[in-house]
J.: 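Can you keep this structure in mind? I'll have questions shortly.
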Amino acid sequence: MNQSKSDNLKALRHSAEHILTQAMENLYGKGKFYMAMGPATDDGFYFDFEPIGDFKISEADFPKIEAEIQKIIKANLPITQKNITLDEAKKLFSANPYKLEWLDQIKDKGEAISVYWTADQFVDLCKGPHVKSTGEVVAIKLMSIAGAYWHGDEKNKMLTRIYGTAFDSQTELDNYLHNLEEAKKRDHRKLGKSLDLFSFHEEGPGFVFWHPLGYQIYQNLVVYWRQIHKQKGYVEVKTPTMLTIPVWQQSGHMQNFIDKMYLAKTSDLDTPQYAIKPMNCDGGMLIYSSNPHSYKELPIRMGELGVVHRYESSGEVHGLMRVREFTQDDAHIYCTPEQVEDELKAAISLCKEIYKTCGLPLDHIELSTRPEKSIGSDAVWQKAETTMTKVLTQGKIEHQINPGDGAFYGPKFDFHLKDCLGRTFQCGTIQLDFAQPENFNLEYTDKDGQKQRPIMIHRTIYGSLERFIGLMIEHYAGAFPVWLSPIQAKIIPITDRQNDYAQSVKQALLDKNITVEIDDRSETMQKKIKDATDQKIPYMLIIGGREVDSRQVSVRQRDGIDLKSMPLADFIGQITKQVTEKSLNLIK
RNA sequence: GCCACCUUAGCUCAGUCGGUAGAGCAAUUCUUUUGUAAAGAAUAGGUCCAGGGUUCGAGUCCCUGAGGUGGCUCCA
């Protein structure tokens, strides 16, 4: 979309928001709610208001509101801008505490006070821009209702928010809604159920139950992760699920994250003496500190596929994307100050390599800086943030700054990926930490025989196996590349006379480490093909009398392409190549 | 946690004004042995999320709770 078109759409959507507000005033009367604010967004607009008394709006009211909106659009009322004085504005919006607050802010900034009138029927304090008349908003639809805090702050009152979208043609609105429906078909929760990958149960809210096929995908990612980390000089460890509480006090987790931690106790005590790990670093540092270290050993890159538990608030749990128990593909790098930059760079490039292999496009990288709740001195934070910035600048790595969102022990790079609806999720994270080595009194001996403090880098790449798989399911709509597919080939004997040969084909593939199943149900071949296609199995090996006689397999891809009969060895060669090379989707 | 909504068979869903629950797919059994996207028939399948209330009577109305969905806040 070109700039002027996108600006115009923005103005149109902002106008749509005014029309919505006017429609609500017409229907319910001005005394029912205070309008607070409402901007255009990337895909529509929203309108925040505070209901007065027991006034309430739900999605069931949308048809009525939309009908009123249509009246305003049909009337094609002119929208005009006017600058007014502070006194005039205060009079105009005297009944509305939100607008009065805006006015104070505008006054402080010394800006002009701009209002927009829709004919002489509706007025709002607004910078604009807007379209010239309500008739330009050709297609509009109210989408959903939500709560939102005033100024986005939890301490403020919660307002009611109505989301909607608008376009300059009905076709574009229809397209948008159609695309939304299509995107929802890729939803990992839906596919997780229909492909039988995982489930959730009331008995473990926020905990994933991995079914055999889902766990195979998980394992495929783990195998790859181990292989590439070994190549990159990592070692792998495993630390306990729970540790005694003092260690969490030492690291500061007990103070900073107590509300997210699960506690545990034995039956002989009344109070918890253990905390279940919300992250892996405390255990990792105990390993580091169990031996003396020389500078010659550094950097030590210690990986751990650690299962962590975090008691996320109920409203935050979301499918595989935000769970309460998940596996971090964690690693802690202990290094000297001289090594920090290279290690950061190497971690960034490893992250990019892994996303590339998995075929997942990176949405953006964020640099998150010191949060309010943090440990460590100003000087240490300054130094850490400077180093991080330097690495990004030198590598010419595009990034956004996310102020105040760092870990409590250090600044971090976050790698964000998108889900099917365009919502972004943090996956990889690389965190620089000068504070924890201090807390745990970690040391190495330098070449002069002096004790020195190592610097620690915490990093994940998948972030959480759960979230990463969720994103992969949506990216591929369940049709994984062959190397990640939970079942790589389905053998389909046409009649039970081919079962013996089918078994020998299965064994030959198993011998080559290909995950394969036989469908020997008493069903038609067509039905078996349909089922295997629905399961998104990349290859179907159809075996009838002809294949048995010629010792071949008839290969069909899940995208419907018929590769015809070929010697089994040819098929094995092809699929093995795709698995070992981790080819991205050759078959849709 | 907050706002709104949802929860009916294994799955997807229907169920009118409050009158004791229905379909398709899946499952099971039988028949069918099939050449590139759904063979046919029969059978079975339910604490209508849980608990309380209103009512002669609740899947349906009200309250509380659990789980989930869309947002907000949060996200080591």
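Just so it is clear, the structure is predicted and the values come from calculations on it, not from any experiment. Values below: every heavy atom of this structure, side chains too, minus hydrogens, waters and symmetry copies. In the text below, chain A, chain B and the rest are named by the order of the sequence lines, each starting its count at 1.
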J.: Just checking A/Y288 against A/F440, ring centres under 6.0 Å apart?
T.: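 No, ring centres 6.0 Å or more apart.
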
J.: Tell me: CH2 of A/W381 to C1' of B/rA76, nearest whole Å?
T.: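 Atom CH2 in A/W381 sits about 11 Å away from atom C1' in B/rA76.
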
J.: What does A/A148 touch in the nucleic acid at a heavy-atom separation under 4.0 angstrom: a base, only the sugar-phosphate, or nothing?
T.: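 Result for A/A148 = sugar-phosphate.
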
J.: How far, in whole Å, is B/rG18 from B/rC61 if one measures between their P atoms?
T.: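 B/rC61 and B/rG18 have their P atoms separated by 8 Å.
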
J.: What is the distance, to the nearest angstrom, from the CE atom on A/M158 to the P atom on B/rC74?
T.: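 Going from CE in A/M158 over to P in B/rC74 covers 11 Å.
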
J.: When you compare B/rC30 with B/rA23, how far apart are their C1' atoms, in angstrom units rounded to a whole number?
T.: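 It works out to 24 Å between them.
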
J.: What's the NE2-P distance between A/H253 and B/rC75, to the nearest Å?
T.: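 Taking NE2 of A/H253 and P of B/rC75, I get 13 Å after rounding.
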
J.: Between the protein and nucleotides 63-68 of chain B, which nitrogen or oxygen pairs are less than 3.5 angstrom apart?
T.:
from, atom 1, to, atom 2, distance (Å)
B/rA66, O2', A/E202, OE1, 3.3

J.: At under 4.0 Å between heavy atoms, what does A/Y46 touch on the DNA or RNA strands: base, sugar-phosphate, or nothing?
T.: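 A/Y46: no heavy atom of the nucleic acid under 4.0 Å.
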
J.: Would a line drawn from the ring center of A/F49 to the ring center of A/F47 be shorter than 6.0 Å?
T.: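 Judged by ring-centre distance (under 6.0 Å), A/F49 and A/F47 do meet the cut-off.
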
J.: With nearest nucleotide decided by heavy atoms, which residue, A/D405 or A/T160, maps closer to the 5′ end of RNA chain B?
T.: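 Per heavy-atom nearest nucleotide, the more 5' residue is A/T160.
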
J.: What interatomic distance, in whole Å, is found between P of B/rA76 and the corresponding atom of B/rA37?
T.: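 Going atom to atom, P in each nucleotide, I get 50 Å.
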
J.: Would you say A/H318 reaches B/rG71's phosphate, i.e. side-chain N/O to OP1/OP2 under 4.0 Å?
T.: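 So the side-chain polar atoms of A/H318 never come under 4.0 Å of the phosphate oxygens OP1 or OP2 of B/rG71.
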
J.: Pairs of donor and acceptor atoms involving the side chains of residues 32-43 of chain A, under 3.5 Å and at least two apart or interchain, shall be tabulated with distances.
T.:
from, atom 1, to, atom 2, distance (Å)
A/T41, OG1, A/G44, N, 3.1
A/T41, OG1, A/G44, O, 3.2

J.: I want to check a possible cation-pi pair here: A/R161 against A/Y46, using under 6.0 Å from ring centre and within 45° of the ring axis as the test.
T.: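 Judged by the rule, A/R161 and A/Y46 form a cation-pi pair.
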
J.: C1' atom, B/rU12 versus B/rC6: distance in rounded Å?
T.: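 Between the two C1' atoms, the distance is 15 Å.
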
J.: Should B/rC17 be called syn or anti, with syn set as within 90° of 0?
T.: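 Base orientation: syn.
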
J.: Between A/W150 (CH2) and B/rC3 (C1'), how many Å, whole number?
T.: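 Distance, rounded to whole Å: 17 Å.
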
J.: Sub-3.5 Å donor-acceptor pair from the side chain of A/T533 to the main-chain atoms of A/I529, do we have one?
T.: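 Yes; judged by distance alone, with no hydrogens or angles, the pair exists.
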
J.: Rounding to an integer number of angstrom, what distance separates B/rC48 and B/rA9 when you compare their C1' atoms?
T.: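 Taking atom C1' in both B/rC48 and B/rA9, they lie 10 Å apart.
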
J.: In whole angstrom, what separates A/E312's CD from B/rC2's C1'?
T.: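 So the two atoms are 16 Å apart, to the nearest Å.
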
J.: On the 0 to 90° scale, with breaks at 30° and 60°, tag the A/F198-A/F200 ring pair as parallel, tilted or perpendicular.
T.: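 Answer is perpendicular, since the angle exceeds 60°.
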
J.: Could you say whether A/G152 or A/Q328 is positioned toward the 5' end of RNA chain B, judged by the nucleotide with the nearest heavy atom to each?
T.: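 Result of the comparison: A/G152.
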
J.: Pull out every protein N or O sitting under 3.5 Å from an N or O of nucleotides 35-40 of chain B, one pair per line with the distance.
T.:
from, atom 1, to, atom 2, distance (Å)
B/rG35, O6, A/G545, N, 2.7
B/rG35, O6, A/R546, N, 2.9
B/rG35, N1, A/E547, OE1, 2.8
B/rG35, N2, A/E547, OE1, 3.1
B/rG35, N2, A/E547, OE2, 2.7
B/rG35, N3, A/R546, NH2, 3.3
B/rU36, O3', A/R556, NH1, 3.1
B/rU36, O2', A/R556, NH1, 2.8
B/rU36, N3, A/S554, OG, 3.4
B/rU36, O4, A/S554, OG, 2.1
B/rA37, OP2, A/R556, NH1, 3.4
B/rA37, N7, A/R556, NH2, 3.1
B/rA39, OP1, A/T524, OG1, 3.2
B/rA39, OP2, A/T524, OG1, 2.5

J.: Hunt down any stem RNA chain B takes part in, defined as 3 or more consecutive Watson-Crick or G-U pairs whose two distances are each under 3.5 Å.
T.: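 Paired runs of 3+ in RNA chain B: B:1-7 with B:66-72, B:10-13 with B:22-25, B:27-31 with B:39-43, B:49-53 with B:61-65.
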
J.: Report the residues that fulfil salt bridge (charged side-chain N to carboxylate O under 4.0 Å, His left out) with A/K193, sequence neighbours left out, ordered by chain and then residue number.
T.: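 For A/K193 there are no salt bridge (charged side-chain N to carboxylate O under 4.0 Å, His left out) partners, ignoring immediate neighbours.
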
J.: What's the CD-P distance between A/Q431 and B/rC75, to the nearest Å?
T.: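 Computing the A/Q431:CD to B/rC75:P distance gives 13 Å.
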
J.: Any donor-acceptor pair under 3.5 Å between the side chain of A/R322 and the base of B/rC75?
T.: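 Pair found.
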
J.: Minimum heavy-atom separation for A/D329 and A/Y462, please, with both atom names.
T.: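 Looking at all heavy atoms of both residues, the shortest contact is OD2-N, 2.8 Å.
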
J.: Mark yes or no for a side-chain to base donor-acceptor pair under 3.5 Å between A/Y149 and B/rG71, with no hydrogen or angle criteria applied.
T.: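 No such pair is found, so the answer is no.
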
J.: At under 4.0 Å, does any side-chain N or O of A/K185 touch on OP1 or OP2 of B/rU12?
T.: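 Answer is no, no contact under 4.0 Å.
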
J.: Please find the pair of heavy atoms, one from A/G470 and one from A/H188, that lie closest to each other, and give the distance.
T.: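 Looking at all heavy atoms of both residues, the shortest contact is O-CB, 3.5 Å.
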
J.: A/H364 and A/F415: aromatic ring centres closer than 6.0 Å?
T.: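 No, too far apart.
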
J.: Less than 4.0 angstrom between a side-chain N/O of A/R497 and OP1 or OP2 of B/rU34, yes or no?
T.: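 Yes.
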
J.: Donor-acceptor pair, A/W248 side chain versus A/A275 backbone, under 3.5 Å?
T.: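 Yes.
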
J.: Measuring from the side chain of A/F257 (C-beta onward, heavy atoms only), which nucleotide among B/rA76, B/rC72, B/rA4 has the closest atom?
T.: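 For the A/F257 side chain, the nearest candidate turns out to be B/rA76.
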
J.: Using a cutoff of under 3.5 Å, can you pull out all pairs of nitrogen or oxygen atoms linking the protein to nucleotides 13-17 of chain B, with atom names and distances?
T.:
none

J.: Would the A/H309 and A/F326 ring centres measure less than 6.0 Å apart?
T.: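 So the answer is no for these two rings.
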
J.: Distance between the C1' atoms of B/rA58 and B/rG52, in whole angstroms?
T.: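 To the nearest whole Å, 13 Å.
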
J.: So A/I543 and A/I494, do their side chains get closer than 4.5 Å, heavy atoms only?
T.: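 A/I494 vs A/I543: side chains apart.
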
J.: Under 3.5 Å, is there any donor-acceptor pair linking the side chain of A/R310 to the base of B/rC74?
T.: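 In this structure, the two groups form no donor-acceptor pair.
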
J.: Mind checking the P distance from B/rC62 to B/rU54? Whole angstroms is fine.
T.: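 Each nucleotide's P atom is 15 Å from the other's.
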
J.: Say you pick atom P in B/rC11 and the same atom in B/rC49; how far apart are they, in whole Å?
T.: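 Taking atom P in both B/rC11 and B/rC49, they lie 13 Å apart.
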
J.: Is the distance between the ring centroids of A/H201 and A/F209 less than 6.0 Å?
T.: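 Judged by ring-centre distance (under 6.0 Å), A/H201 and A/F209 do meet the cut-off.
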
J.: Measure the distance from CD1 on A/I145 to P on B/rU69 and round it to the nearest whole Å.
T.: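 A/I145 atom CD1 is separated from B/rU69 atom P by 20 Å.
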
J.: Please round to the nearest 0.5 Å and tell me the distance separating atom CD of A/Q431 and atom OG1 of A/T460.
T.: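 The CD atom of A/Q431 sits 7.5 Å away from the OG1 atom of A/T460.
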
J.: Between C1' on B/rU69 and CG on A/D419, what's the gap in Å once rounded to a whole number?
T.: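 Going from CG in A/D419 over to C1' in B/rU69 covers 14 Å.
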
J.: Counting only N and O atoms by type, is there a donor-acceptor contact under 3.5 Å from the side chain of A/K528 to the main-chain atoms of A/R521?
T.: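 Yes.
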
